[in-house]
Q: 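Below is a structure I'd like to ask you about.
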Amino acid sequence: MKLILLGAAGSGKGTLAKKITRDFNIPQLSMGDMLRDIASSGSELGKKIADYQKRGALVPSDIVSDVIKERLSQSDCTNGYILDGFPRSLEQAEILKGITEVDAVISVELPFEELEKRLVSRRTCPKCGDIDNTEYEGFTGNCRVCQTPLFQRDDDKPEAIKARLEVYKNNVTPLINFYSDRLFTVSSKGSPDETYRPVKTFLDDLGA
């Protein structure tokens, strides 16, 4: 089962991907995580990627296409995968079409006002990658999984958030049109479980 998750930063698509991974035993390939790992490596490529991320700009397609090709060639992708954060433009969708075909595209939707609120208060664990939010009940500033102090990513700061959402808004409509024949849309306004329930039903039917 080869899937794409579409959704703006803060829409909850990462949480949704983890639930799909758990139930359908396919890996989540987060382009954001892969690029952040390279950005933190200190390499020349890493420095270039870090600069794009700090500005909230899209990393050039030639870079991300090489990253995704290498990742899809790994053995854990044999039975399928979830692409999270790629493609993010029509150009990238065309590039992906030349690499592999996908079975379905899940678009996670949430009003931009809510996305901004979620992102500015989002905090990330530098050790295990878990995500929390200052607005969530029980927030302490430490990771709920491993107790490591949380931090605010550069691309979750207000100036970068507005740039990221504007880029997403300009690119998502062509993508939705491109994948209209295999698109499933879900609202993430409710809880993670409420968001996942119709998605699981859709994927169960898809794999039947």
Side-chain angles (χ1 to χ4, degrees), residues 2-18 20-22 26-78 80-89 91-96 98-100 102 115 118-133 141-168 171 175:
K2 300 174 182 179
L3 307 174
I4 291 172
L5 280 185
L6 294 179
S11 63
K13 68 182 187 302
T15 300
L16 182 62
K18 287 180 173 59
I20 296 171
T21 292
R22 178 195 65 200
I26 52 177
Q28 174 193 3
L29 310 185
S30 169
M31 179 56 71
D33 288 346
M34 288 186 275
L35 291 176
R36 277 188 287 275
D37 285 344
I38 299 172
S40 64
S41 68
S43 66
E44 286 304 311
L45 177 60
K47 291 175 185 176
K48 289 180 182 178
I49 291 172
D51 180 60
Y52 286 110
Q53 291 177 330
K54 285 177 183 176
R55 292 187 281 114
L58 283 180
V59 177
S61 295
D62 59 334
I63 294 176
V64 294
S65 62
D66 286 344
V67 171
I68 202 67
K69 279 181 189 176
E70 193 281 329
R71 184 63 183 88
L72 292 181
S73 70
Q74 297 179 20
S75 59
D76 63 335
C77 294
T78 302
Y81 43 79
I82 309 161
L83 288 173
D84 175 6
F86 184 88
R88 296 182 70 183
S89 69
E91 179 189 13
Q92 290 181 1
E94 293 284 4
I95 290 171
L96 181 63
I99 299 171
T100 185
V102 297
L115 289 170
R118 285 190 185 183
L119 286 170
V120 77
S121 55
R122 185 166 73 172
R123 298 296 182 270
T124 303
C125 176
K127 184 176 181 181
C128 72
D130 198 56
I131 293 174
D132 207 341
N133 194 294
N142 291 328
C143 178
R144 300 179 196 245
V145 177
C146 66
Q147 303 308 310
T148 302
L150 304 173
F151 77 105
Q152 185 180 37
R153 292 178 354 204
D154 285 338
D155 56 356
D156 281 344
K157 293 177 181 177
E159 59 276 12
I161 288 171
K162 290 187 181 299
R164 291 169 74 192
L165 292 180
E166 191 62 31
V167 168
Y168 179 78
N171 285 283
L175 282 176

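Owing to the predicted nature of the structure, the values given are computational and were not obtained by experimental measurement. Values reported hereafter were calculated over all heavy atoms of this structure, with side chains retained and with hydrogens, waters and symmetry mates removed.
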Q: Which residue is it: Asp156, Asp132, Asp130? I am looking for the one with a salt bridge (charged side-chain N to carboxylate O under 4.0 Å, His left out) to Arg122.
A: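 When salt bridge (charged side-chain N to carboxylate O under 4.0 Å, His left out) is applied between Arg122 and each of Asp156, Asp132, Asp130, only Asp156 qualifies.
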
Q: What is the minimum heavy-atom distance between Ala8 and Leu165, and which atoms define it?
A: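 Scanning both residues completely, I find the closest heavy atoms to be CB-CD2, 3.9 Å.
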
Q: Which heavy atom of Leu115 sits nearest a heavy atom of Ala9, and at what distance?
A: CD2-O, 3.4 Å

Q: Taking NZ, NE, NH1 and NH2 as the nitrogens, is one of them in Asp154 or Arg55 under 4.0 Å from a carboxylate oxygen of the other?
A: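 Salt bridge: no.
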
Q: How about Phe151 and Arg153: do any of their side-chain heavy atoms sit closer than 4.5 Å?
A: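 Yes; the side chains approach each other to less than 4.5 Å.
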
Q: Could you go through Leu175 and Ile4, starting from their C-alpha distance and side-chain angles, then the distance that decides it, and tell me whether this counts as side-chain contact (heavy atoms from CB on, under 4.5 Å)?
A: CA-CA 11 Å; Leu175 282 176; Ile4 291 172; over 6 Å; no

Q: If you take all heavy atoms of Lys13 and Gly85, which pair is closest and at what distance?
A: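 Looking at all heavy atoms of both residues, the closest pair is CE-N, 4.1 Å.
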
Q: side-chain contact (heavy atoms from CB on, under 4.5 Å), that's the test. Do Val64 and Ile68 meet it? Break it down for me.
A: CA-CA 6 Å; Val64 294; Ile68 202 67; over 6 Å; no

Q: For residues Leu96 and Leu83, determine if any side-chain heavy atom of one lies less than 4.5 Å from a side-chain heavy atom of the other.
A: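 They are in side-chain contact.
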
Q: Does Thr21 reach the main-chain N or O of Ile26 with its side chain, forming a donor-acceptor pair under 3.5 Å?
A: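 Yes, Thr21 side chain to Ile26 backbone: donor-acceptor pair under 3.5 Å.
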
Q: Stepwise, does the side-chain contact (heavy atoms from CB on, under 4.5 Å) test hold for Val59 with Arg88?
A: CA-CA 10 Å; Val59 177; Arg88 296 182 70 183; over 6 Å; no

Q: Scan side-chain atoms only and decide if Asp155 and Gln53 contain a donor-acceptor pair under the 3.5 Å cut-off.
A: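 No - no donor-acceptor pair under 3.5 Å links their side chains.
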
Q: Where the side chain of Arg123 meets the backbone of Leu150, is there a donor-acceptor pair that is under 3.5 Å apart?
A: no

Q: Considering all heavy atoms of both residues, which atom of Leu29 and which atom of Cys77 are nearest to each other, and what is their separation?
A: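 Looking at all heavy atoms of both residues, the closest pair is CD1-SG, 3.9 Å.
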
Q: Ser89 and Asn171: side-chain donor and acceptor closer than 3.5 Å?
A: no

Q: Side chains of Thr100 and Tyr81: is there a donor and an acceptor less than 3.5 Å apart?
A: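 Yes, a side-chain donor-acceptor pair sits under 3.5 Å.
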
Q: How far does CD of Glu70 sit from CE of Met34, to the nearest 0.5 angstrom?
A: 9.0 Å

Q: Evaluate Ile38 against Ile63 for side-chain contact (heavy atoms from CB on, under 4.5 Å), listing each step before the verdict.
A: CA-CA 11 Å; Ile38 299 172; Ile63 294 176; over 6 Å; no

Q: Checking the side chain of Gln152 only, and the main-chain atoms of Val120 only, is there a donor and an acceptor separated by less than 3.5 Å?
A: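 Indeed, once roles are kept as given, a pair shorter than 3.5 Å links the two residues.
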
Q: Under a 4.0 Å N-O cut-off, is there an ion pair linking Asp51 with Lys54?
A: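 So Asp51 does not pair with Lys54 through a salt bridge.
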
Q: How close do Asn133 and Ser121 get, counting heavy atoms only, and between which atoms?
A: OD1-OG, 2.7 Å

Q: Kindly indicate whether the side chain of Val145, heavy atoms from C-beta on, has any atom under 4.5 Å from the side chain of Cys125.
A: no

Q: How long is the span from the CD atom in Gln28 to the CZ atom in Arg22, to the nearest 0.5 Å?
A: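 So the CD of Gln28 and the CZ of Arg22 are separated by 13.0 Å.
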
Q: Nearest heavy-atom pair of Ile161 and Leu119: which atoms, and what distance?
A: CD1-CB, 3.5 Å

